[in-house]
Structure formats: structure tokens, C-alpha cells
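For ligands, and for the atoms within them, numbers begin at 1 and follow the listed sequence. Keep in mind the model is a prediction, meaning the values are calculated, not measured. Start at 1 with the first residue, then count along the sequence. Note: hydrogens, waters and symmetry copies are ignored here, and every other heavy atom, side chains too, is used.
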Amino acid sequence: MSKKYCYLFSEGNANMRELLGGKGANLAEMTNIGLPVPQGFTITTEACTQYYEDGRKINDSIMAEIMQYVEKMEQINGKKFGDKKNPLLVSVRSGARASMPGMMDTILNLGLNDEVVEAMIKGNPDPKFKRFVYDSYRRFIQMFSDVVMEVGKKYFEQLIDQMKEKKGVKFDVELTADDLKELASQFKAEYKSKIGSDFPSDPKVQLYEAIRAVFRSWDNPRANVYRRDNDIPYSWGTAVNVMPMVFGNLNDNSGTGVAFTRDPATGAKGLMGEFLVNAQGEDVVAGVRTPMKIAEMATRFPDAYAQFEKVCKLLENHYRDMQDMEFTVENGKLYMLQTRNGKRTAQAALRIACDLVDEGMRTEEEAVLMIDPRNLDTLLHPTFDAKALKAANPVGKGLGASPGAACGQIVFSAADAEAWKAAGKKVVLVRLETSPEDITGMKASQGILTVRGGMTSHAAVVARGMGTCCVSGCGDIVMDEENKCFTLAGKTYKEGDYISIDGSTGNIYDGLIPTVDATVGGDFGRIMSWADKFRKLKVRTNADTPRDAKKARELGAEGIGLCRTEHMFFEADRIAAFREMICSDTKEAREKALAKILPYQQADFEALYEALEGNPVTIRFLDPPLHEFVPTEDAEIRQLAKDLGKSVEEVRGIIQGLHESNPMMGHRGCRLTVTYPEIAVMQTKAVIRAALNVQAKHKDWKVCPEIMIPLVGELKEFKYVKEVVVKTADEEIAASKTKLTYQVGTMIEIPRAALTADEIAKDAEFFCFGTNDLTQMTFGFSRDDAGKFLGAYYDTKIFENDPFAKLDQVGVGKLMKMAVTLGHEVRPNIHCGICGEHGGDPTSVEFCHRIGLDYVSCSPFRVPIARLAAAQAAIKDRK
Ligand code: ADP
Ligand code: MG
Ligand code: MG
């Protein structure tokens, strides 16, 4: 049998979301449980997919099926399309599998034309009815022109404003039937002047065009952005619902409303919503007049309100979740037009989930599945004061690289950030891009704004680690670092000017928007404790400092999955020694310089072990290319030369010698150890001595250092480095006359390492996927430059997501899966984790669960997200 593309509401149910979309499935479900729903039909999401496959056309056989269902709808309702006596008017509504409020299009009052309008008026002598008919007509022309022909709302709104002015009235309800009639003909003229042909009068043509427009709206820019932000695949498509109109704009005994069964901001139980008398569709939300509180309906529309209250209870019990409903009252009678599980703030989500468990409506597992992990972000960081934010207009937008809200005075250098902070000021650091040297300045800032760089740029990664708000890659900023100013949206911002940035949305605001601190209530703890019961994956954190590690422990981290030791080299007390090492000519000189750093490193590691209280700590050996550590400023170079007793030319020569045309693929990672084994010797000593000391202090802890070698691509390479580590470590342990176990493992971040994981597992005791580099090397494009062309890749649908933010499961994921399998074949107890940025991304975490990793590791503030995502993956897996 050929595919069925249309379903009457009476043929569907709530489980058919994939086919009927959320709106269609719920209209069917409400029909099934006997609620008053105008009876129409749904055109499936598969018809939408087919429309795109056919080159954006509705093919003849689908169109024929649609017309068949129009006839069925006509029979059920006893009205006919375009009929002079008993005309059927319909709405044509979008509705995808996942709700995308306001992203796609809807058209109301379809089926009207001059003759139908005449006939309707003739059938009812009430002058108010005439007004209603023309009101519906002008609305239809307006929506059809806007949605179907893309004429643009504003021309019609201008005409309405002119008419109101001419008549000296303030609100559209004050316009008379004749005014509206006049408007309708003005609208049609406007349509003709913009489109070049007459407004279509045949209802069947109107319907065809409207359905096509809804399919097309799946691909409009705002829908595409919304999908990317919300993990909704492009391939899903939208369904279309065609249903008879009911009229909230019929008279003063009618109206339209929206309501929630619980407060979507706080989660508090109790009906809330708004109702607008003599109105239609979006009037309530569009703010054409001030609506009444839903409770006031009780006096104006007692019967409809009583019934609505019952419907709300019924729906909430039925769906066992907070409902967001749209309804209309026509002549005192209630009609339900939509219900869905309501969107809510993170805070409300937690409260509702807990309340539903307490009310006996949901199990703990179900409650865990109800929370969108991505929303937890907003709970842990400051946010803007909601009122102040509403009044503010963004002056620019970058990437929301690290969540939270920040406001402060602009500074242009890390040093200034520190100085201003010391003077008691709040600052936002604005840079072209940040570099490792900026760390202390970044710490001193409320937020960080960069002109260049993507989600895994230095600024983004470091800011997320610190939990500091960051907006990266705002290319619209024209920067003048030298004169300490930049321009954005036509305004020049100087040092000390106030600015506010939102690291969740990427929005940038002029001036100061007050922020409120995060509050995490008891509901959060309850949900997280349930999550911990169900998850199989362990969650570790990426942390380089005891402060970050402590924060991560508070947020539930069970270990450190990645400590990047290079950050420790930038602190003022060691960078000099490290530069001395880099500029040394002999091994002895290098060892001498490294010996100065050793006690600092050891102290760093001791503090980390202390903070982790016996939980595992993975320490990655030095990774970045050495040029990142040498000075770039003239004065600093001269100072360095002086310190080293070398000539300035000599030092400059050394620095130039470090230059690489492709540093990310250059002299870095384990390649540094192959050339300078003494660096690994020093780092091993520091790790082992620290572990021995902490173990001696805390007999009940089991300190087992995990030493991780970066950028390995070949077994012999790993072996060479491991031998250096083992020799040093064993000597240290022997000298201490105590016992200590340790492991030496590797990052898997070069495709060749994944491909030869069975080889590497012969010697590596653990694997940790560095998916930032692995993604970069697998795709062959640099994470720092991808921002330049990713936009074009989204537009052309080559990519739907940033592969640095969301793991590419098809390609990069295949390499990971292969490495896990190969590794286990050779070493059955090898433990595998991930420590790239993806470790805190919910869908990527789910993937990690599926391929059998032992743990994910992410920045401290993402730990709760990963815990929840891991629990959801485990629960879904069991089902
Ligand atoms: P969205 O998905 O953007 O909410 P909808 O398809 O729900 O768009 O339509 C918006 C509004 O139009 C609804 O909330 C409802 O008020 C109105 N509407 C839609 N269909 C009908 C109808 N058949 N009768 C009366 N009003 C309708
Ligand atoms: Mg709606
Ligand atoms: Mg790496």
C-alpha cells in the first residue's frame, strides 16, 4: 500500500508525534479523550520531507489525498469550502515533532473571498457580525500576504495605524465594519502592488499555497537557528494541521487565551495565563491590547471558565506534566486549539519534576528524563535581572561561549583587568582574541568578549573552566587595541565605558544591566541524587587549579580527567624559569632551569591531590608548542636577554626559530618529550613526589596518579616516552621506600592513534579521547579558523552543528568506537574516557555511554549537565 499522508484528528493519538508533529498528535489525543476540538486533519511530516525531495513541490498524489481529506472535513463539519450559504473557514498550522514556538507559520481564516464575505453578511443582519466578517477578512489577507507571499507585515501594520489615526481611535476593536472593509480592500491593493497579481480568491488555491508556505517555513532562517540551538535535526520536517476556525473575534461574548497549568518561571502549581475578549490568534501575545488575567474569566465567562479548569486538570493528569494550552471561546463556548508540555525555566523544570514525583504522578526515573540538561547551565551562573533585560536591546551578537551574565567597565588588556580589579572595579575584558598569558586578567574580569574565535577558542575553553561568562567571535566589532577603543553598531566604546554581555545567548548590550546571582535550591540536589543512582558513566572534571577542582567536587565531579599542566607554567614565578629552559643550548642548562620549576609543579600537584581526596587525577604532560611561552613584546624580550646573559639578537633568533607555519601540527605534545626527555623527567618527578607526600599524609586514601601522554600517533613513540616516565617514577618510588601504583596512558587525539589502538593498548594503560584535536585532525580544519566558514556550511546544510561543540558521531565517533573496541581486545581492563569539550555536551555524553566509555570529563560547571545526561542515557538504554 502506498503511504498515507493525511490523518483525521480522530485517527491519530499522542504517540504519533513523529508523523503528526506535536501539535497534530495532541489535537488527536484531545479529540480521543473527548475534549472540544474543531475537527480537522493533519498532513504528515513525511509529506513535508517528500515536498523537499520533490524540489519544493507538493506532488499530485499528495495533493489529491489532501483534497479528499478536505471533503471529509467538510462532511464532519457540515460546511463547505467557498460555499455561499455555509462556508468553511480553516486555519493552516505548522507543527513539528519538537515544539518550536513561533518559529514557523500559521494562517487563519483561510477560505474567505469577496463573495463568501458578501454571503456571510447577508445571512446575518447583526451589524456586529458584519464587523466580525471584515475583521476576519483583513486578518486573512494580512497573514496570507505575510506568510505565503512574504510581502512583509509592516506595510499592513502601517495601513492599520493610518486608519486608526484617521478615525481618531487607539485600538483595533474601535474600528467599525466599514473601516475594516476599507482596510481589506487597501490590503488587497497592497498585495497586488507588491506581487503584481490579484489576491487569490479560490479557497483551494489559497489552501494549496498555505500548505506549501508552512512546509517552506521549516527552512526559514529563524527555524534553522532555533533547531541548531535545540538539537532538532533538519531531516524531521514539519506537519501541517488544517482545521475549522472558531472565532474569538466574533463578539464580546468571545475571546482567545493562553494558559499554563503551573508557573513556567517558578514551577509553582496553579493555573496562570491570559485572556483577551473579542480577539483572535496571536493578539494575546502580540500585545494589541492588555489582556485580562485568566482568573478574571471566571466572572465574565463563568461556564467556559469552569469547563476550562476541568480541562486543565484532565490534561495535566493525562500527560503527567505541566501543560501550555491555547484556546478560544466563541459565543461563550470553549474550544481547545492546542496543548503541549510547556516550556519552562531550569528552576521551574526542577521544581515541577520534584512536585510530580511527590504527587505520585511520575517515578524518579521519569523525573530525571524530564529535565533538559542544557538548561542546568543557567542555574549555576549569574543571570541578568529579567525586567532590566526586557527593556534592553542588544547592540551585537557573538557566540554564547561560556554561560552567565556579566556587566562592567571595558578594559583592553589582561594587565588592566588586574589593575582595575585591584582598584575595586568590575571589568569586562575585550580582546581581539585571548592567549594563555591573559589568564590572570581573565580571572579578574566579570566577563570576556572577543572579536575572533569559536566555541573551542582559547577564551571559550578557559572561561568555561573558570565559570566566567564569555562571548566569543563577535566579528562586527571593529577593534582599535592601540587606542583602547572599538566600534560596534555605530558607537565607539572607550576604556571605562559600561557594557553587558550574556554568555548564554551571545548578546552584547550597551551600558549596565544589573545581574542576579545564581541560587540552587533543594530540588536541584534531589534531581542530581536521582541521576547519580541511574547513571553508569563516571563524571570527572577538567581542572588545573585546586580552586577549579574544589568547585567541580562541589558540583559532583568524581575525579580529574584532564589537568593541563601548561597553564601552571604561565604563573609569574615560573614563566621566567621556563623561558630560560626554552632558550638553553644544552641539556644540562635545560635541566638546571627545569629544576627551578620542579618544586612549584610538585606543590601544584599536591594541592590537586588534596582537593580530590583520593579520587583519581589524570595529569597530562606538557602539550602546546613552545612558542606560546616566549615573549612577543620588545621590552620583555630585552629583559629576557638580560636575565639569561644573552644578546637580544640571540634571543630573537631563538624565538624566530620556534616559529612554525602550522603549530597545531608542529613540535608539541609527546614530540616535545622525544626531543627534550628532561621535561618529562621533571614532570614525572613532580607527579610522583606529590603523590607520595599526599599518600603519606592520608593513609586511607588511595592515591594513584594517572600520567597522560598527549598527541601520540605511534606505539614506538608512546613506548619511548613511557620508558622515560617509568624509569623516573620507579626510581622515585624506590627512593621513598614506600609503595605507590601509577598508570601511564595516552590521549587518543590523532586519527592514527585510533586506527592503531590495538597496538597502542599493548603499552598504554588507559585511553582518553581528546576530541578537540581529534575533531580538528579528522576533519582537517583548525578549530581556531573554522568560524570563518562554518556559517556558510550551516546555510548550505552541509553541517547542522559545530563539530567542535557537538561530537561528530558519524566520523569522529567511528574512530572512537573503533579505538575502544581495539583497545579492549588487547587489554580487557583498559579504562577509557573523554576530556574534550564534548564531555559536557548532552548528546555527546549519550554517545559516550553507548560506546562504553568509563567516564566523561568536562569543565567544572558542566559536571551537573554531564551527570544528568549520563543518567538519561542509562535510563533510555534500559528501556
Ligand atoms: P504557533 O505554533 O506559533 O503557536 P498556532 O498554529 O498555534 O501557531 O496558531 C497560533 C494561534 O492561532 C493559536 O494560538 C490560536 O489562537 C489561533 N488559531 C489557530 N487555529 C485556530 C482555529 N482553528 N480557530 C481559531 N483560532 C485558531
Ligand atoms: Mg500555538
Ligand atoms: Mg590535544
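Sequence neighbours left out, the pairs with a member in residues 88-116 that pass salt bridge (charged side-chain N to carboxylate O under 4.0 Å, His left out) are Glu18-Arg97, Lys84-Glu115, Arg93-Glu326, Asp105-Arg222, Asp114-Lys188. The salt bridge (charged side-chain N to carboxylate O under 4.0 Å, His left out) pairs that include a residue from residues 300-314 number zero, where partners must be two or more places apart or lie in different chains. The salt bridge (charged side-chain N to carboxylate O under 4.0 Å, His left out) pairs that include a residue from residues 249-262 are Arg262-Glu316, Arg262-Glu359, where partners are two or more places apart or lie in different chains.
For ligand 1, the 4.0 Å heavy-atom shell takes in Lys23, Ser91, Arg93, Gly102, Thr106, Leu108, Met243, Pro244, Met245, Val246, Thr256, Gly281, Glu282, Glu326, Leu337, Gln338, ordered by chain and residue number.
Contact annotation: Gln338 places an N, O or S atom under 2.8 Å from the Mg ion (ligand 2).
In this structure, Lys194 forms a cation-pi arrangement with Tyr155, its terminal cationic atom sitting closer than 6.0 Å to the ring centre and no more than 45° off the ring axis. The cationic atom of Lys797 (NZ for Lys, CZ for Arg) does not lie both less than 6.0 Å from the six-membered ring centre of Phe799 and within 45° of the ring axis.
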field: CA sep, side-chain torsions, deciding dist, call: Tyr305, Phe308, ring-ring contact (aromatic ring centres under 6.0 Å, His included)
entry: CA-CA 5 Å; Tyr305 185 70; Phe308 183 62; 7.0 Å; no
